[in-house]
Amino acid sequence: MAVSRRGGNRRLANVKTRTETGFEYCLGKLEIQTGFGKKAQKEARPFYPGEEAELIRELDLVEAMTGFVREHARAMQRLDEEVFMCMKDISGTLERSRQNTLTEVEIFEVKSLLLNFLDTRNILAAAPEVPQEFIPEAQDELLDRLDPRGDRTNTFYLYDEFSEQLKELRRTKRQLETDLRRSMKARRDLVLKQYGIALTPKFDIVIPRSSDDLAKAKAVPELEQVAEDYMAVTFALTRSEEQHALARKAEELETEIEEEETRVREMLSREIAGQADATLANCVRIGRLEYVLAKARFAVARNCTRPEITEEHVVEIEEGRQLQAEDMLRTRGKEYCPISISLRDGVTCITGANMGGKTVSLKLSGLVPMLAQYGFFVPCKRARIGLSNFCQILIGDSQSLERGLSSFGSEMEELKEILDNADDRSLILIDEIASGTNPVEGLALTKSLVDYFLKKPYITLITTHFETVTEEEGVRNMQVRGLAGADFRKLNSELHYANRRERINVIAKYMDYRLELVSGDREVPKDALNIAHMLGISDEIIEGAKRYLK
């Protein structure tokens with residue numbers, strides 16, 4: 001039984017490994033809109049050895065949601081447009097409610113979130129395959145308190161229904177304002193009748209300085225000058241003592257209304273705080289719903305399959321696709337050649353000429369198990385994965401070169417990191433190590449490294465040009481088929497008519513990137529020499545190279 005070491009600051013893979021394998025590329029393709037979903041993705045952790053049952057449970061959830069994606073397109077669209085697109089992460093507001101009085105806007109945002117939860121429940125009611133743990137719990141009691149009229153519209157106001165006192169104060173104030181306006185209208189009509197000056201509904205008038213009415217307006221006792229500029233003078237209707245009294249009473253009532261509204265907000269904030277834990281739990285449910293739904297969408301859109309999880313430490317991939325490379329080729333109008341590979345504890349070497357896709361196969365061998373350990377379906381026809389405690393890829397590092405390190409120095413720096421951090425059940429991926437130093441030392445270092453890894457409980461996959469490395473006892477050798485099955489008559493015919501820039505693409509079209517397990521007595525393929533010859537290197541050089549090979 002594998003032992004779990006999950007928790008703490010444990011890290012399955014560093015940033016470079018996540019990037020180079022294409023894992024981060026896949027994460028970037030997830031369709032997530034809400035802050036809750038993004039938080040769920042950010043907090044997602046891999047499943048480690050010993051947690052196979054938990055991972056299988058996660059894959060069950062993804063599988064259930066793939067059924068939802070395939071069968072309920074309209075419901076999924078409604079979730080996107082009516083819930084996720086409109087949902088705001090107000091976790092901070094919910095926490096604030098525990099110690100503070102919320103503003104009217106904040107209370108509205110809480111109501112809006114509760115309506116989002118209700119919409120989610122209603123949308124998913126017709127989708128029984130959606131796991132119950134993703135569906136928000138009902139919070140009708142709190143929603144009823146924030147929506148006393150029960151209209152369930154996405155608006156908010158401190159309704160009269162919240163307080164009888166608030167209702168009475170507002171009614172009295174409205175009556176005072178009505179009485180004041182009626183009185184002011186009567187005074188306005190009097191000014192029109194006596195002086196022929198027509199005021200606006202706001203009880204004012206702007207008179208040009210050139211108008212004969214200016215002097216008339218200045219003589220009207222019911223008008224006062226309130227503003228002027230070089231073009232005109234503005235007059236407003238004065239208030240009588242009775243009208244001033246009405247206005248003062250209305251202002252006093254406004255103060256009382258504000259105090260009562262504050263009391264209502266305090267009351268609602270306490271009720272929101274009382275349900276804060278339940279509301280935050282529903283936020284987590286929404287985040288998990290969106291994150292797992294994004295995984296399911298990814299699986300369906302990318303034709304991914306559910307991996308088989310085993311306690312045995314293996315990586316078995318049948319017709320796997322490195323999605324970043326596949327997308328790049330598709331943009332160029334080319335097809336990706338699926339790769340099959342089977343890895344177990346020990347050392348496996350991939351050999352073959354450049355252009356053979358060895359590095360892509362290496363990246364694929366990291367991508368599939370990493371996706372599986374994070375609970376994703378994987379881009380292949382079939383996969384059988386045993387969980388790893390540690391995964392790292394060693395591949396060319398331009399950042400190290402920018403720091404002034406040689407390519408070899410960069411490799412040694414990364415190799416030390418691997419050796420220092422590798423654990424039992426590690427997955428180590430190494431791309432043509434020591435190719436940046438002289439061949440004699442490079443071969444010696446590579447062979448010694450192979451000897452070291454053969455003694456460790458790691459799955460180690462190495463791509464190399466050093467064919468003799470595969471002669472080490474216990475090393476499995478996989479070779480890229482390359483041009484082994486190519487129709488050279490057709491290939492040479494196409495090369496004959498191709499220009500210089502097109503020749504590489506012509507050769508690539510005939511390359512077979514599949515891997516095959518080979519025995520130690522098999523003759524080393526000469527794809528490098530074949531490619532060099534087809535690209536115009538002289539026969540003398542090619543034949544000389546063949547003699548050295550012998």
Side-chain angles (χ1 to χ4, degrees), residues 85-86 88 90 93 96 100-112 146-149 151 153-266 268-269:
M85 189 179 295
C86 309
K88 181 179 178 181
I90 60 167
T93 298
R96 230 175 64 77
N100 299 276
T101 298
L102 301 182
T103 66
E104 192 170 333
V105 171
E106 288 174 322
I107 297 173
F108 159 68
E109 289 175 342
V110 174
K111 176 189 174 184
S112 181
L146 302 183
D147 183 29
R149 296 178 180 177
D151 53 20
T153 58
N154 197 20
T155 58
F156 183 76
Y157 174 65
L158 291 176
Y159 306 107
D160 291 346
E161 287 81 357
F162 284 129
S163 164
E164 284 297 326
Q165 183 179 356
L166 180 63
K167 180 179 180 180
E168 181 59 26
L169 288 171
R170 285 174 172 172
R171 187 197 65 77
T172 304
K173 183 189 173 192
R174 284 194 298 271
Q175 186 60 54
L176 287 171
E177 289 173 339
T178 299
D179 293 345
L180 175 59
R181 186 163 185 83
R182 185 181 296 115
S183 176
M184 292 291 286
K185 284 182 179 179
R187 193 173 178 83
R188 181 185 63 186
D189 293 343
L190 181 63
V191 169
L192 176 62
K193 181 177 180 180
Q194 290 185 349
Y195 305 104
I197 297 177
L199 303 179
T200 69
K202 293 183 178 181
F203 309 111
D204 61 7
I205 185 171
V206 178
I207 300 176
R209 290 185 179 274
S210 59
S211 173
D212 294 338
D213 289 337
L214 182 58
K216 184 194 301 184
K218 288 183 177 182
V220 176
E222 288 84 2
L223 296 179
E224 61 178 339
Q225 183 177 322
V226 294
E228 64 178 323
D229 57 31
Y230 72 97
M231 292 287 293
V233 178
T234 302
F235 294 89
L237 188 64
T238 61
R239 290 175 176 175
S240 66
E241 284 300 320
E242 179 186 356
Q243 290 165 343
H244 276 298
L246 289 172
R248 283 195 299 271
K249 184 58 177 176
E251 290 173 3
E252 291 169 1
L253 283 174
E254 179 60 30
T255 299
E256 293 183 48
I257 288 171
E258 289 175 358
E259 291 174 352
E260 181 61 14
E261 287 178 344
T262 298
R263 192 192 67 79
V264 169
R265 287 191 295 106
E266 289 173 349
L268 295 177
S269 297

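Without hydrogens or angle criteria, Thr234 side chain to Val226 main chain gives no donor-acceptor distance under 3.5 Å. Judged by distance alone, the side chain of Ser112 and the main-chain N or O of Phe108 form no donor-acceptor pair under 3.5 Å. The main-chain N or O of Phe162 is never found under 3.5 Å from a side-chain atom of Lys167 such that the two would form a donor-acceptor pair.
At most 12 non-hydrogen atoms from other residues, nucleotides or ligands lie less than 6.0 angstrom from CD of Glu241. More than 12 heavy atoms of other residues, nucleotides or ligands shown are found within 6.0 angstrom of CD on Glu104. For Asp229, the CG atom counts as densely surrounded, since its 6.0 Å shell holds more than 12 non-hydrogen atoms of other residues, nucleotides or ligands.
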Residue pair Thr255, Glu251: steps toward the side chain to side chain contact (heavy atoms under 4.5 Å, CB included) verdict: CA-CA 6 Å; Thr255 299; Glu251 290 173 3; 5.9 Å; no
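With rounding to the nearest 0.5 Å, the separation of CG in Leu253 from CD in Glu177 is 9.0 Å. Rounding to the nearest 0.5 angstrom, the gap separating the OG1 atom in Thr262 from the CZ atom in Arg265 is 4.5 Å. To the nearest 0.5 Å, the span separating CD on Glu252 from CD1 on Ile257 amounts to 12.0 Å. Residue Ser269 holds its OG atom at 8.5 Å from CG of Asn100, rounded to the nearest 0.5 Å.
By the salt bridge (charged side-chain N to carboxylate O under 4.0 Å, His left out) test, Lys216 pairs with Asp213, sequence neighbours left out. With sequence neighbours excluded, the residues that form a side-chain hydrogen bond (donor to acceptor under 3.5 Å, both in side chains) with Arg171 are Glu168. Here Arg209 pairs with Glu228 under the side-chain hydrogen bond (donor to acceptor under 3.5 Å, both in side chains) rule; sequence neighbours left out. Partners of Glu254 according to the salt bridge (charged side-chain N to carboxylate O under 4.0 Å, His left out) rule, which considers only residues two or more places apart in sequence or in another chain, are Lys173. Every residue meeting the side-chain hydrogen bond (donor to acceptor under 3.5 Å, both in side chains) condition with Glu161, not counting sequence neighbours, appears here in chain and number order: Arg149. With sequence neighbours excluded, no residue forms a salt bridge (charged side-chain N to carboxylate O under 4.0 Å, His left out) with Lys185.
Using a 4.5 Å heavy-atom cutoff, the side chains of Arg239 and Leu180 are in contact. Two residues are said to be in side-chain contact when any heavy atoms from C-beta on lie closer than 4.5 Å; Leu268 and Leu102 fail this criterion. Here the side chains of Val191 and Arg188 are not in contact, with every heavy-atom distance at 4.5 Å or above. Using a 4.5 Å heavy-atom threshold, the side chains of Lys218 and Phe235 count as touching. Side-chain contact between Leu192 and Leu199 is absent, with no heavy-atom pair separated by less than 4.5 Å.
Glu109 approaches Ile90 most closely through the heavy-atom pair O-CD1, 3.6 Å. Across all non-hydrogen atoms, the minimal contact from Leu158 to Leu166 is O-CD2, 3.9 Å. Between Ser211 and Ile207, the closest heavy-atom pair is CB-CG2, 3.8 Å. Annotation for Pro201 and Arg181: closest pair O-NH2, 3.1 Å, computed over non-hydrogen atoms. What you find for Ala217 and Ile197 is that their closest heavy atoms are CA-CD1, 3.8 Å.
Using a cutoff of 4.0 Å between basic side-chain nitrogens and carboxylate oxygens, Glu261 and Arg170 are scored as salt-bridged. One finds no salt bridge joining Glu222 and Arg187 here, because no Lys/Arg side-chain nitrogen approaches an Asp/Glu carboxylate oxygen to under 4.0 Å. A salt bridge is absent between Arg263 and Glu266; no separation between the charged side-chain nitrogens and carboxylate oxygens falls under 4.0 Å.
In this model, a donor atom of one side chain and an acceptor atom of the other lie less than 3.5 Å apart for Gln243 and Ser183.
Ring geometry for Tyr159 against Phe156 counts as perpendicular: the plane angle is over 60°, on a 0 to 90° scale with 30° as the lower cut.
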